[in-house]
A.B. asks: 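One structure, as structure tokens, below. Some questions next.
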Protein chains: 2
Amino acid sequence: MSLFGEPLNTGGGGLNANVSERATLQPSLAISTVIFALKPDANGKVSIWMPLVRRTREPFKGQWALPGGPLHSDESLEDAARRNLQETTGIEPAYLEQLYAFGGLQRSHKKEIGAQRVVSIVYWALVKGDTAEFEERHNVQWQPADAQGSSNGQDAIQGSPLDLAFDHREIVDYALWRLRNKIEYSQVGYHFLGELFTLAQLREVHEAVLNKTLDKANFRRDILANKDLEETEHFLEGGRHRPPKLYRYTGPRGLGSPSRSTS
Amino acid sequence: MSLFGEPLNTGGGGLNANVSERATLQPSLAISTVIFALKPDANGKVSIWMPLVRRTREPFKGQWALPGGPLHSDESLEDAARRNLQETTGIEPAYLEQLYAFGGLQRSHKKEIGAQRVVSIVYWALVKGDTAEFEERHNVQWQPADAQGSSNGQDAIQGSPLDLAFDHREIVDYALWRLRNKIEYSQVGYHFLGELFTLAQLREVHEAVLNKTLDKANFRRDILANKDLEETEHFLEGGRHRPPKLYRYTGPRGLGSPSRSTS
DNA sequence: ATAATAGTGTCTCTTAGACACTATAGC
DNA sequence: GCTATAGTGTCTAAGAGACACTATTAT
């Protein structure tokens, strides 16, 4: 192949009728988004949930899938992911980052010979718990993100993860892995919370994400060692105990990872 | 940060005259690959180099760019990246991993109104130093990957990185960041070496990548703490000193990251 | 006072880094 | 023997985790 001067065609829907060679057929491009929120389950334990859409047609008709859609020509990849969120739930993301581009040959439904192959660029987002309410419809509902999430009494059995359409279970598991990894060395945890929060609330976020209890004293020490927390003069009152101090996050308002923000 | 340009040698423009509707125009999809090898520079110091291709047309005519090309409909994203490598250098990658999908609106060349927007999925690869020789042509040559790399006497001035076409400098910097990050907590370093190597050679790899000297004893302790190295009965003889034992890497032969290999 | 959680202090065990030491080849 | 690098031993300082302790509110 010559490295130069090879025309790209635009692929997709029937344009470029002048391009006939099979090898130049371009896979279509879509954006999907894994959206995480923390919500208490039936037992009151906080765990990770995500909004999913139910497929209304084959393949995988009736199964849950990630929100997604095509990339418009006048929006960035990140904008398309944000639009996914907006259109599915009406929620603004508190954090948004690219996850991975999936483009294996076996992603499309095997039975459909000649079905167009889809390359998906997947983002993951965090939304704040208190804004994470939207009108659930029959085809758009919160579901537990993993097996640790308790049953919603219908689709997911306690201890086994909800089965998803396409390769979306694998994608969600990878997004969970990234979230759990990232919360240990970065500041993503703040984005589940509002402007003011107590260290106990932040700890609860970390415990829910990591699914394990954390030592109160060590957590406090580690968190305060980072310089992106600011004490306020306010306290959360009303509990039957000493009122905890409220803190404010002052670090980068991370939409997109720092080094990749506009790409 | 602004991202300009397409990462590919797509020919730059004037094609696809039959496509007129802006809003329905699907961005085209391309694969580019950042290929790293370790090579001694003029001073004999080992540093990171990469093969680049020189653009033969506008935009950025004459400047160096990453190897890349369109995704064929019958190959996975990773296969396309491997094909980039093969076609540019004839080299087989020892390690290959997806880096990021770049799709900002400003990536296409601004002067060309209506030029097609390109979304690039970029991979990064490591190749072994001793196989990293290929016939350099006028338009395909090894270049220092960063400012630490010494001058090749022509294109890069000592201490300042080579200027690349489009947003490729930013992409390369991000790939370098990933490599340096990853070599500290994973096993990517082995992939620069052949089957048998001494710990001193492995340390030299790490030192070249991280651009700092490492303590011999501590490096040995840290490396041997990981269980993916195996002693052999062989020694490297011929030096004016005690012959070092040769080791063999027995960990995962990483093409693609473990959790993403087939997607 | 009691219950409950906020917040502090401190001990220990592990680990990262510095660095001194011994080993063994070629000359 | 000397030189050069291989390879080992060990001291120290910093950090992670466990956990006991004090502080302050509502009742």
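Below, chains carry the letters A, B, ... as their sequence lines are ordered, and counting in each starts from 1.
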A.B. asks: Mark yes or no for whether B:W49, through its side chain, and B:K39, through its backbone, hold a donor-acceptor pair below 3.5 Å.
C.D. replies: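 Checked: pair present.
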A.B. asks: I want to verify a distance call: between C:dC19, D:dC19, C:dA4, whose nearest atom is closest to the B:A217 side chain?
C.D. replies: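 Side chain of B:A217 sits closest to C:dC19.
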A.B. asks: I want to check something: taking the side chain as every heavy atom from C-beta on, are B:L229 and B:F197 in contact at a cut-off of under 4.5 Å?
C.D. replies: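 Sidechains of B:F197 and B:L229: in contact.
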A.B. asks: What is the distance, to the nearest angstrom, from the NE2 atom on B:H234 to the C1' atom on D:dA6?
C.D. replies: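 Answer to the nearest Å: 18 Å.
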A.B. asks: Whole angstrom is fine here: how far is it from CG in A:L202 over to P in C:dT5?
C.D. replies: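 In whole Å, C:dT5 P and A:L202 CG are 18 Å from each other.
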A.B. asks: Side-chain N or O of B:R242 less than 4.0 angstrom from OP1 or OP2 on C:dA23?
C.D. replies: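 Answer no for this pair, as no side-chain N or O of B:R242 is under 4.0 Å from OP1 or OP2.
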A.B. asks: Hey, what's the ring geometry for A:Y190 with A:Y249, parallel, tilted or perpendicular (30° and 60° as the breaks)?
C.D. replies: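 A:Y190 and A:Y249: parallel rings.
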A.B. asks: NA contact type, B:A200, heavy-atom cut-off 4.0 Å: base, sugar-phosphate, or nothing?
C.D. replies: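 Here B:A200 touches the backbone only, sparing every base.
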A.B. asks: Nearest of C:dA6, C:dC27, C:dG7 to any side-chain atom of A:R203?
C.D. replies: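 Shortest atom-to-atom distance from the side chain points to C:dA6.
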A.B. asks: With a cut-off of 6.0 Å (strictly less than), are more than 12 heavy atoms of other residues, nucleotides or ligands near CD of B:E204?
C.D. replies: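 At most 12 heavy atoms, drawn from other residues, nucleotides or ligands, come within 6.0 Å of this atom.
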A.B. asks: Between atom CD in A:E231 and atom C1' in C:dT8, what is the gap in whole Å?
C.D. replies: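 In whole Å, C:dT8 C1' lies 14 Å from A:E231 CD.
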A.B. asks: B:D222 CG to C:dT14 P: how many Å, rounded?
C.D. replies: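 Value for this atom pair: 17 Å.
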A.B. asks: Once you round it to whole Å, what is the distance between C1' of C:dT15 and CG of B:D215?
C.D. replies: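 Distance, rounded to whole Å: 14 Å.
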A.B. asks: Nearest nucleotide by nearest heavy atom, which residue falls closer to the 5' end of DNA chain D, B:L199 or B:R221?
C.D. replies: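 In this pair, the answer is B:L199.
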A.B. asks: Rounded to the Å, how far apart are A:L236 CG and C:dG7 P?
C.D. replies: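 About 10 Å, once rounded to whole Å.
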A.B. asks: Between the main-chain N or O of A:I35 and the side-chain N or O of A:T33, is there a donor-acceptor pair closer than 3.5 Å?
C.D. replies: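 Flag not set: sc A:T33 to bb A:I35 has no pair under 3.5 Å.
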A.B. asks: What does A:K216 touch in the nucleic acid at a heavy-atom separation under 4.0 angstrom: a base, only the sugar-phosphate, or nothing?
C.D. replies: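 Result for A:K216 = base.
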A.B. asks: Tell me whether the side-chain N/O atoms of B:R220 come closer than 4.0 Å to OP1 or OP2 in D:dG7.
C.D. replies: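 Yes, because at least one side-chain N or O of B:R220 sits under 4.0 Å from OP1 or OP2 of D:dG7.
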A.B. asks: Check the distance between D:dG7's C1' and B:I223's CD1 and give it to me in whole angstrom.
C.D. replies: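 In whole Å, D:dG7 C1' and B:I223 CD1 are 15 Å from each other.
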A.B. asks: Rounded to whole Å, please give me the gap between CG in A:L224 and C1' in D:dG15.
C.D. replies: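 About 16 Å, once rounded to whole Å.
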A.B. asks: Quick check for you: among D:dA4, D:dT25, D:dC19, whose closest atom lies nearest to any side-chain atom of B:H241?
C.D. replies: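 For the B:H241 side chain, the nearest candidate turns out to be D:dA4.
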A.B. asks: Select from A:G238 and B:N218 the residue whose nearest nucleotide in DNA chain D is closer to the 5' end of that strand.
C.D. replies: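 Taking each residue's closest nucleotide, the earlier one in sequence belongs to B:N218.
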